[in-house]
Amino acid sequence: MIEAKGLSKRYGTKVAVDDVNFTVAPGKVTGFLGPNGAGKSTTMRMIMALNTPSAGSVTVNGKPYAKHRAPLGEVGALLEAKAIHPGRSAYNHLRALAATHRIPKARVDQVIAMTGLESVAKKRAGGFSLGMGQRLGIATALLGDPKTLILDEPVNGLDPDGVLWVRNLAKFLASEGRTVFLSSHLMSEVALTADHVIVIGKGKILADAPVSDFIAGQSERTVLVRTPDGGRLAELVRAGGATVTSSDDGALRVSGMDAPQIGDLAAAERVALHELTPQSSTLEEAYMALTADSVEYQTGDGRPGEPPQAAPSPPPGPESPATATATETDEGSAR
Amino acid sequence: MSADLASRTSHRDESTSRQHLTFGGAVSSEWIKLRTLRSTWWVAAGTVVLLVLIALLSSWTFSSFADDPEFAAQTGGGMFDSLELVTSGVSFGQLVLAVLGVLVITNEFSSGMIRSTFAADPGRSATVWAKALVLALVSVVVAAVGIALSYAVAYPFLANADMAPDLGGDDSWRILGGAVVFLVLTALMALGIGTLLRSTAGAIFTIVALNFVAPPILGLINNDIVETINKFLPANAGQAFMTTSDLASGGIDLLEPAQGLLVAIAWAVVPLVAANVVIKARDA
């Protein structure tokens, strides 16, 4: 159980986390979703008492992390892949951390086996690949058999097998009644792993809901309509309570009315239709729509392993951000 | 997979209450960290080699020229206590040992290891004092081995020149023990400064400036205030309790031995206490 109340963090004038309130419940995987720079890592570091909040508080299992007698038994954290000295072996790294809590050597061997590091455990960690580093980070997190796990971007750098393994591990740990809090900037990853999702953008919580509700709530259904008489049809559907946006190529995008309704309306009013296509926005689009306004770094910089970021920047204009995004997110034609 | 994981994820039986953070645990953790880095062994060996090498060279030089009137004139007719030749490597040995003291903490900051360390010890004080304790113990051993070997190596030369060091003298153990104490205190000061500055280069630069550059420069300035400041610098405070002859003191006014010891202890303890305060307030 993690509880944040009014949690804020400022670095100079920049607000990284802004008066955030949330609860992460045990027994399920909670995804912490947001674009890079949204405040995910800062929040997780405050939970771990690595960074001091500028305001507010956060507790783990009822107490601030630093007040626990056995911190490693409360929270295991993967905060970044290589929080390790490059000259020390994985085995010695784990032994040193285990020693603080008198955790026996047998447990060190156990977490090494669990994370598949047996063959490299005695080698210097400086030579580890990103994926090996992630596995060692997860081994470190599991060391104290903690009630709560905090995993910051755990699948970064893992091969497909490793990704699957992390998903199963996270679900399994939650099924044992543990609290699992897992961050990602990939909606698809969270959708596959998490039961609950907290979305953060520019330091503010944008959504906090079960994953299924989040998808239903965010994926607004629209209908793509092409007609030679666009002005008239737009009037008609607006009169019927729907909203209409038009794309660059003259097509209309209608929301709040389904395809049969639009077709019937057009037939009744004798408006010719050239196309009538129901569009369901994907989960990724729902996430983009929600966070588009809060993306820290607006240019798609082609980071490997990241899907191409569709239409990131709504032009600042009189429209509301959500509408603007819906208009721009048009099969990638905006860019 | 689930059954497999189930048998492996959880190792706690009923005995979890035994596994909690303790100072003793922090100490053994720091000992594991220190001994599992190659740099520790290189620096420790380097300290010993330097102590011995300089003792060898200075005792050889002084024993060769002890009877030379020209040489005596150059040194103002004064002479070192032969044990001061045994401990003459301290001036450079301290610098190498200080590198160890600095690295104990700065390598954690530069590698990111510090976050793992602080996640295990979110209070952070146990880490600071455990590091200090382990560093002190390692430094005692390194310094004692270095000084003992220096004695063994220097003895034949000094004995040859009729300057055989006498372990039964009034000040013998003050000189030898003082050298060990000074080396340990310097390592601890380095740990404190390293923790405060979080940078290997910055901390080593500071220590070189404090122990090597400042004393001779301040020694050139003929001013009461500057002379007083100079007396209180760590290197000169150390000279006050680990040397007996005027020659070893470099001709400057030193504190009384007991005062010097207290000042040197303060130079080790004050940065550590400050580090312990600052490290808790800073984001890792």
Inset, instruction - Could you check which of B:Thr22, B:Thr127, B:Thr36 has the highest count of heavy-atom pairs closer than 4.5 Å to chain A? - result: B:Thr36

Legend entry - chain A interface, residue from B:Ala130, B:Ala126, B:Gly25, B:Ser39 that has the most non-hydrogen pairs under 4.5 Å: B:Gly25

Using side-chain heavy atoms (C-beta onward) and a distance below 4.5 Å, is [X] in contact with [Y]?
X	Y	answer
B:Ser28	A:Arg102	yes
A:Arg45	B:Asp283	no
A:Thr100	B:Leu21	yes
A:Arg95	B:Lys33	no
B:Gln19	A:Pro104	yes

Inset, instruction - Could you have a look at A:Ala106, A:Ala66, A:Ser89 and say which one has the most heavy-atom pairs with chain B under 4.5 angstrom? - result: A:Ala66

Legend entry - chain A-proximal positions within residues 94-118 of chain B [heavy-atom distance under 4.5 Å]: B:Asn107, B:Ser111, B:Gly112, B:Met113, B:Arg115, B:Ser116, B:Thr117, B:Phe118

Inset, instruction - Write out, in numerical order, the residues from residues 42-58 of chain B with a heavy atom short of 4.5 Å from a heavy atom in chain A. - result: none

Inset, instruction - Let me know if A:Tyr11 has heavy atoms under 4.5 Å from chain B in its side chain, its backbone, both or neither. - result: side chain

Considering only heavy atoms, which portion of [X] lies under 4.5 Å from any heavy atom of chain A: side chain, backbone, both, or neither?
X	result
B:Ala281	backbone
B:Arg35	side chain
B:Ala120	both

Legend entry - Contact summary for A:Gly87 and B:Leu37, nearest pair of heavy atoms: C-CD2, 3.9 Å

Legend entry - Considering all heavy atoms, the nearest B:Ser29-A:Ala96 contact: OG-O, 2.6 Å

Legend entry - Heavy atoms of other groups near A:Lys171 NZ, more than 12 under 6.0 Å: yes

